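A short worksheet on the structure shown next.
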Amino acid sequence: MLSLSIIQRHFSFERKERQHLLFTTFVSALILFMFVWNSTDFTVSTGLQEFLIIFVATFFALAVFISAGKIIAITYNYTAQYMQWTTGLLVGFVITFLSYGFVPILFPGLIEVQRIRRLSHGDHYSGENKKEIFLILAVALWILMLTGMIFQTLYAQTGVLIFKYVMVMSALICIFSVLPFQKNIGSHLFYVARRKYYFIF
């Protein structure tokens with residue numbers, strides 16, 4: 001395991017990653033908003049307020065997911081870079097829109113994992129290790145699932161709306177992330193270790 005200073009040195013969101021995170025947050029928040037709107041009547045002001053709460057909750061859930069992947073990756077001498085799946089997001093938005101929010105579908109994109117060569121100097125095998133990549137992505141999902149459970153408890157105890165949306169968005173990200181599409185985390189999990197993938201799924 002690496003020291004805290006090395007994690008701090010390598011943990012970062014590049015400009016392109018931040019742009020992808022904001023775009024994914026916006027589209028995913030719209031998808032969840034349409035799902036909520038299906039069963040709730042909003043005025044313009046209450047609708048904007050609700051969307052803002054959903055946006056913040058979505059950003060938090062995605063940030064937890066990606067950050068967890070980055071931290072776990074660094075501890076195994078890897079970098080993890082987030083990339084949006086534009087086509088998947090837009091297809092999910094269209095399906096959600098056409099179904100009037102009955103079928104919320106969102107694809108959060110991909111966390112690309114690569115070895116940090118200079119940190120693995122002297123290792124017996126310094127290339128990408130499939131087991132380690134699977135572990136990094138799986139643990140990121142487990143951390144997000146745990147986050148969702150924590151916020152489910154917080155919402156049950158307090159009734160604070162943003163806690164509910166963090167819980168819901170965490171669940172949606174976990175569900176759709178594991179689907180084995182090409183630009184989705186599920187494809188990496190599936191092709192790296194199929195038996196373990198079925199357990200995760």
Side-chain angles (χ1 to χ4, degrees), residues 13-69 80-112 137 140-141 143-145 147-152 154-156 159-190 197 200-201:
F13 281 82
E14 297 179 0
R15 181 179 178 181
K16 187 175 182 180
E17 283 185 286
R18 295 195 296 269
Q19 293 172 346
H20 284 201
L21 174 58
L22 288 174
F23 180 78
T24 302
T25 297
F26 181 73
V27 176
S28 300
L30 278 176
I31 291 170
L32 181 54
F33 177 74
M34 286 190 288
F35 175 70
V36 175
W37 195 4
N38 174 59
S39 58
T40 309
D41 292 326
F42 292 121
T43 63
V44 174
S45 60
T46 58
L48 288 174
Q49 182 180 6
E50 195 84 5
F51 177 76
L52 180 60
I53 295 171
I54 292 173
F55 182 89
V56 173
T58 302
F59 181 85
F60 178 81
L62 281 168
V64 167
F65 181 42
I66 299 167
S67 297
Q81 186 175 32
Y82 171 70
M83 294 182 292
Q84 70 189 28
W85 182 19
T86 306
T87 302
L89 285 169
L90 296 180
V91 168
F93 174 80
V94 170
I95 293 174
T96 305
F97 178 80
L98 294 177
S99 68
Y100 298 98
F102 277 104
V103 186
I105 294 177
L106 65 91
F107 296 104
L110 182 65
I111 297 177
E112 186 74 24
L137 298 177
L141 280 171
I143 289 174
L144 184 60
M145 283 190 279
T147 301
M149 292 176 186
I150 291 171
F151 277 86
Q152 181 183 24
L154 289 174
Y155 176 67
V160 176
L161 192 58
I162 195 170
F163 293 163
K164 173 185 176 181
Y165 288 136
V166 172
M167 172 192 71
V168 174
M169 185 52 68
S170 297
L172 288 174
I173 293 172
C174 286
I175 291 169
F176 287 100
S177 287
V178 298
L179 297 179
F181 294 114
Q182 184 178 5
K183 295 186 178 180
N184 217 32
I185 287 174
S187 64
H188 280 217
L189 295 174
F190 179 77
Y197 167 80
I200 294 292
F201 185 82

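We number each residue from 1, following the sequence as shown. What you see is a predicted model, and the numbers here were worked out from it, not measured in a lab.
A 4.5 Å side-chain heavy-atom check between I162 and F60 finds every atom pair outside the cut-off. Contact annotation: the side chain of M169 approaches that of S28 to within less than 4.5 Å [non-hydrogen atoms, C-beta and beyond]. Within the 4.5 Å cutoff, the side chain of L106 has no heavy atoms near those of the F93 side chain. At least one side-chain heavy atom of Y165 sits under 4.5 Å from a side-chain heavy atom of I53. Side-chain contact between L21 and I66 is present, with at least one heavy-atom pair separated by less than 4.5 Å. At a threshold of 4.5 Å between non-hydrogen side-chain atoms, the residues V178 and I185 do not count as touching. W85 places none of its side-chain heavy atoms less than 4.5 Å from the side chain of L110. Two residues are said to be in side-chain contact when any heavy atoms from C-beta on lie closer than 4.5 Å; C174 and F65 fail this criterion.
Checking side-chain atoms of S187 against main-chain N and O of K183 turns up no donor-acceptor pair under 3.5 Å. Proximity of a side-chain donor or acceptor of H20 to a complementary backbone N or O of Q84 within less than 3.5 Å is detected. No donor-acceptor distance shorter than 3.5 angstrom exists from the side chain of Y155 to the backbone of V166, with no hydrogens or angles considered.
Under the rule for a side-chain hydrogen bond (donor to acceptor under 3.5 Å, both in side chains), the partners of Q81 that lie at least two apart in sequence or sit in another chain are E14. Every residue was checked against the side-chain hydrogen bond (donor to acceptor under 3.5 Å, both in side chains) condition with S170, not counting sequence neighbours, and none meets it. By the side-chain hydrogen bond (donor to acceptor under 3.5 Å, both in side chains) test, T46 is found to be paired with T43, residues two or more places apart in sequence or in another chain being considered. Among residues two or more places apart in sequence or in another chain, the side chain to side chain contact (heavy atoms under 4.5 Å, CB included) test is passed with L179 by F107, F176, F181, N184, F201.
Note that OG1 of T24 is 10.0 Å distant from CD1 of I31, once rounded to the nearest 0.5 Å. Put simply, CG on L172 and CD1 on I105 are 10.5 Å apart, with the number rounded to the nearest 0.5 Å. Atom CD1 of I54 is separated from atom CD of Q49 by 11.0 Å, given to the nearest 0.5 angstrom. Between atom OG1 of residue T25 and atom CG of residue L62 there is a gap of 4.5 Å, rounded to the nearest 0.5 Å.
Applying the salt bridge (charged side-chain N to carboxylate O under 4.0 Å, His left out) definition to pairs two or more places apart or across chains, those involving residues 17-33 are E17-K70. Here side chain to side chain donor-acceptor pair (under 3.5 Å) pairs that include residues 87-108, with residues two or more places apart or in two chains, number zero.
Taking the centre of each ring, F42 and F33 come in below the 6.0 Å mark.
Taking the six-membered ring where the residue is Trp, F59 and F55 present parallel rings, their angle staying beneath 30° rather than reaching 60°. Aromatic ring orientation, F151 versus F163: perpendicular (interplanar angle above 60°, classes split at 30° and 60°).
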